[in-house]
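Okay, so here's the structure we're looking at.
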There are 2 protein chains.
Amino acid sequence: MQVQAATQMSRFPAAALPLPPKAGAPVGTQMALRKGKELFAEGDEAEHFYKVVSGAIRSYKLLSDGRRQIDAFHLAGDIFGLEAGAEHRFSAEAVASALVIAYRRSRLPALIAEDSQFRDQVMSAMLRSLERAQDHMLLLGRKTAQEKVATFLLDMAERISDDDEHFDLPMLRNDIADHLGLTIETVSRTLNQFDRDGLIRLPAASRSVMLRNRAALERLNA
Amino acid sequence: MQVQAATQMSRFPAAALPLPPKAGAPVGTQMALRKGKELFAEGDEAEHFYKVVSGAIRSYKLLSDGRRQIDAFHLAGDIFGLEAGAEHRFSAEAVASALVIAYRRSRLPALIAEDSQFRDQVMSAMLRSLERAQDHMLLLGRKTAQEKVATFLLDMAERISDDDEHFDLPMLRNDIADHLGLTIETVSRTLNQFDRDGLIRLPAASRSVMLRNRAALERLNA
DNA sequence: CGTTTGCTTGACTATCGTCAACTTTTGTGG
DNA sequence: CCACAAAAGTTGACGATAGTCAAGCAAACG
């Protein structure tokens with residue numbers, strides 16, 4: 001993947017960032033991504049890591065026959081693409097149009113050593129990823145289809161709801177299915193069942209969702 | 001959980017450790033754990049984190065009705081129990097007798113700031129956990145029972161085989177099932193099917209395994 | 001040596017996946 | 001802005017994989 005291939009880019013000084021305080025030095029490169037744009041693929045050299053400014057990114061792994069597991073959706077504020085080794089261990093694409101900042105991986109050791117604030121941010125990003133991963137393993141390994149979808153809805157509500165319990169999902173049914181370890185049909189059936197049962201409202205065929213019975217969803221969240 | 005409740009403990013100087021080089025200062029507390037001993041439970045205050053010296057630890061989460069997901073088995077050299085917040089996000093127990101070193105969490109920020117070697121070790125431990133978690137999500141969400149068991153066997157072979165393709169599993173069928181998102185019956189059936197098909201050898205009812213057709217297992221590993 | 005714990009095996013079932021048709025929505029070009 | 005095509009989503013019928021329940025066997029443990 002080439003950062004240079006991005007739709008739009010702009011350099012800007014550290015002052016504009018919540019990140020390191022190197023006065024005036026450019027620390028990251030902002031990129032605007034169109035829907036579906038690939039940031040990097042599994043196996044690519046890990047030249048950069050990223051922070052989401054707006055929009056949504058999916059990171060995923062594939063099996064040789066094409067089965068896909070989306071391990072996370074990254075939303076505004078999330079850091080992703082950090083690697084221990086030289087290669088990316090998963091692929092990443094824009095779910096919908098997104099704005100991200102790319103940081104050169106080669107600068108990571110220096111930044112971490114010198115800048116305690118940056119270090120804390122990276123460490124806690126990693127730990128949060130790990131926590132999410134652990135919660136998600138519980139979901140994938142042990143929850144039923146209904147429980148998976150309920151958990152997903154509550155998680156999304158927490159992350160993107162304008163807190164009247166309404167939000168627009170940035171991803172397709174297909175992405176949801178590949179995130180929850182289900183098929184698109186099961187996701188569709190479960191969501192519509194929830195609608196019929198009054199747990200949520202799916203306004204006519206959009207990607208919008210409204211929680212109508214949070215308590216019932218939380219009961220399914222086990 | 002009480003570190004003091006451990007079966008045996010001993011303090012020893014840093015020189016004996018591959019960890020920080022603070023000459024002569026005790027940096028960790030070694031603990032001998034009997035099979036089944038709980039190190040900490042989900043929700044406990046995270047006073048310590050740990051490094052496995054020998055044996056095996058399982059870390060897991062529970063649903064309210066008792067369904068369990070073992071997110072990882074920690075073997076010699078692995079670091080676990082690091083948390084972003086004040087509480088442990090999962091429980092940890094000795095799968096079999098084990099020796100671990102406990103480090104006080106309160107010392108973590110200082111150690112990380114001062115000791116670049118320690119910092120690298122912690123960072124790469126976290127990143128390796130994350131990589132393992134990502135691989136495991138792919139397994140849980142998208143692999144069949146056969147593929148799950150094949151992947152598990154190859155992973156264990158890599159981690160504990162005396163490299164004549166033979167090893168003794170430290171964990172019970174039950175643990176394997178809760179790690180792979182299967183039932184104990186399916187694990188048993190799949191292993192015995194592999195035996196019948198000549199992929200592995202299960203010497204009469206022990207916990208020992210011998211790989212007989214690694215290529216076939218790797219094909220299932222997708 | 002007997003009891004407990006772990007493992008295996010069989011019969012049956014349920015949940016979720018597959019396949020397929022159809023509807024709705026979105027996007028594009030005239 | 002309409003018309004059509006493509007993409008996304010829904011629904012139904014059916015089936016397969018893995019789960020449940022149950023019984024029996026083997027190992028380990030005191």
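Protein chains get the first letters and strands the later ones, always in sequence-line order, with residue 1 at the start of each.
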Side-chain N or O of A/Asn192 versus OP1/OP2 of D/dT11: is the shortest distance under 4.0 Å?
yes

Using side-chain heavy atoms (C-beta onward) and a distance below 4.5 Å, is A/Lys143 in contact with A/Asn221?
yes

N/O contacts under 3.5 Å, protein versus nucleotides 16-18 of chain D?
residue : atom : partner  : partner atom : Å
D/dA18  : OP1  : B/Ala145 : N            : 2.8

In Å, rounded to the nearest 0.5 Å, how long is the span from CD1 of B/Ile57 to CG of B/Leu75?
9.5 Å

Could you say whether A/Lys35 or B/Leu172 is positioned toward the 5' end of DNA chain C, judged by the nucleotide with the nearest heavy atom to each?
B/Leu172

Atom pair distance, as rounded to whole Å: CG in B/Asn174 and P in C/dC7:
8 Å

Can you see if the side chain of A/Arg207 gets near the phosphate of D/dG9 - specifically, an N or O under 4.0 Å from OP1 or OP2?
yes

In terms of the nearest nucleotide of DNA chain D, which residue is placed more toward the 5' end: A/Arg142 or A/Leu191?
A/Leu191

Let's test your reading of the model: under 3.5 Å, does the base of C/dT9 pair with the side chain of B/Arg196 as donor and acceptor?
no

Please give, in whole Å, the distance from D/dT10 C1' to A/Ile184 CD1?
9 Å

With side chains defined as the heavy atoms from C-beta onward, is the minimum distance between B/Ile160 and B/Glu158 less than 4.5 Å?
no

Between B/Leu169 and B/Asp175, is there a side-chain heavy-atom distance shorter than 4.5 Å?
no

Roughly how many Å is it from CD in B/Gln193 to C1' in C/dC7, rounded to a whole number?
16 Å

Once you round it to whole Å, what is the distance between C1' of D/dG12 and CD of A/Glu185?
11 Å

Non-hydrogen side-chain atoms of B/Phe194 and B/Leu153 separated by less than 4.5 Å:
yes

Just the rounded figure in Å: distance from C1' of D/dA8 to CD1 of A/Ile176.
12 Å

Nearest to the B/Arg189 side chain among C/dC7, D/dG19, D/dG12, which nucleotide is it?
D/dG19

Between C/dT26 atom P and A/Leu169 atom CG, what is the distance in whole Å?
14 Å

What is the distance, to the nearest angstrom, from the CG atom on A/Asp178 to the C1' atom on C/dG17?
13 Å

Return the value, rounded to whole Å, for the distance between atom CE of B/Met171 and atom P of C/dG6.
15 Å

Nearest atoms (heavy-atom pairs only) where A/Arg68 meets A/Asn174
NH2-O, 3.7 Å

Is a salt bridge present between B/Arg105 and B/Glu47, judged by a nitrogen-to-oxygen distance below 4.0 Å?
no

